[in-house]
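Below is one structure, written out as structure tokens; comments come after it.
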Amino acid sequence: MEHKLDSYPFVASCEVADTKPPNHRLTARTTDLSYQGCYIDTATPFHNGVIVLLTILKGGKRSACVGTVVHSVADYGMGVRFPLIRPEHQETLDAWLSELARETE
């Protein structure tokens, strides 16, 4: 599948964990999604450059990846970029984004 740069509105539950001790965790929600990353709505975002384990949950499906916080605004949220996603999680991401693309046609 061709990976477009398009970002789509996408509200889903997510869990985000810092990969370094003390491994802070938070539960939040996404507000948009693309093949490159997502935006997470949270009042307590991690700082730029923090590497996180991100799990997105929607419609009984889950996608997990390691990502990097590339944009952080206190009391608002953070942008997370996913450089690499395992194939089993890529399939779920592909399905979500294909559905979102069809909805906007």
Side-chain angles (χ1 to χ4, degrees):
M1 169 180 253
E2 182 180 321
H3 290 211
K4 296 182 179 181
L5 297 176
D6 295 337
S7 178
Y8 300 96
F10 184 79
V11 177
S13 298
C14 67
E15 298 170 353
V16 188
D18 186 343
T19 59
K20 295 194 177 183
N23 303 99
H24 293 290
R25 295 179 171 273
L26 60 91
T27 301
R29 67 181 183 140
T30 62
T31 58
D32 69 51
L33 181 69
S34 75
Y35 281 105
Q36 289 72 40
C38 68
Y39 199 83
I40 299 170
D41 185 17
T42 178
T44 56
F46 294 121
H47 297 291
N48 287 351
V50 171
I51 297 171
V52 297
L53 176 58
L54 171 65
T55 303
I56 301 172
L57 309 153
K58 182 163 182 143
K61 295 183 180 180
R62 112 188 237 276
S63 184
C65 66
V66 174
T68 303
V69 177
V70 294
H71 179 76
S72 181
V73 178
D75 298 323
Y76 189 69
M78 61 185 156
V80 175
R81 183 172 187 198
F82 346 117
L84 180 63
I85 300 175
R86 289 185 167 169
E88 64 269 22
H89 296 291
Q90 184 69 50
E91 289 177 24
T92 301
L93 181 64
D94 288 344
W96 286 335
L97 287 165
S98 292
E99 182 179 326
L100 292 167
R102 281 191 304 274
E103 289 173 0
T104 59
E105 290 180 342

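- Taking CD1 of I40 as the reference point, atom OG1 of T27 lies at 11.0 Å (rounded to 0.5 Å).
- With hydrogens and angles ignored, the 3.5 Å screen pairs a side-chain donor or acceptor of H89 with a backbone N or O of A64.
- In this structure the side chain of F82 reaches within 4.5 angstrom of the side chain of C38, judged on heavy atoms.
- Just one residue in the list V80, T30, T55, L26 forms a side chain to side chain contact (heavy atoms under 4.5 Å, CB included) with C14, and that residue is T30.
- Side chain of D18 to backbone of H24: no donor-acceptor contact under 3.5 angstrom is found.
- Annotation: the span from T31 atom OG1 to F10 atom CZ amounts to 11.0 Å, rounded to 0.5 Å.
- Follow the hydrophobic side-chain contacts under 4.5 Å out from L54 and you reach F46 in the same cluster.
- Closest approach of T42 and A28 over heavy atoms only: CB-CB, 4.0 Å.
- Closest heavy-atom contact between T19 and L53: CG2-N, 3.8 Å.
- With rounding to the nearest 0.5 Å, the separation of CE in M78 from OG1 in T44 is 7.0 Å.
- Between E15 and L57, the closest heavy-atom pair is OE2-CD1, 4.1 Å.
- When all heavy atoms are compared, the tightest approach of P83 to G67 is CD-CA, 4.1 Å.
- Here L93 contributes atom CG and S63 contributes atom OG; the two are 5.5 Å apart, rounded to the nearest 0.5 Å.
- D94 has its side chain within reach of Y35: a pair of non-hydrogen atoms, C-beta onward, lies under 4.5 Å apart.
- Distance check, rounded to the nearest 0.5 Å: CZ of R81 to CD1 of I51 gives 13.0 Å.
- Annotation: the span from S7 atom OG to L33 atom CG amounts to 7.0 Å, rounded to 0.5 Å.
- In plain terms, the two heavy atoms of S34 and L97 that are nearest each other are C-CD1, 3.7 Å.
- Closest heavy-atom contact between K61 and W96: O-CZ2, 3.8 Å.
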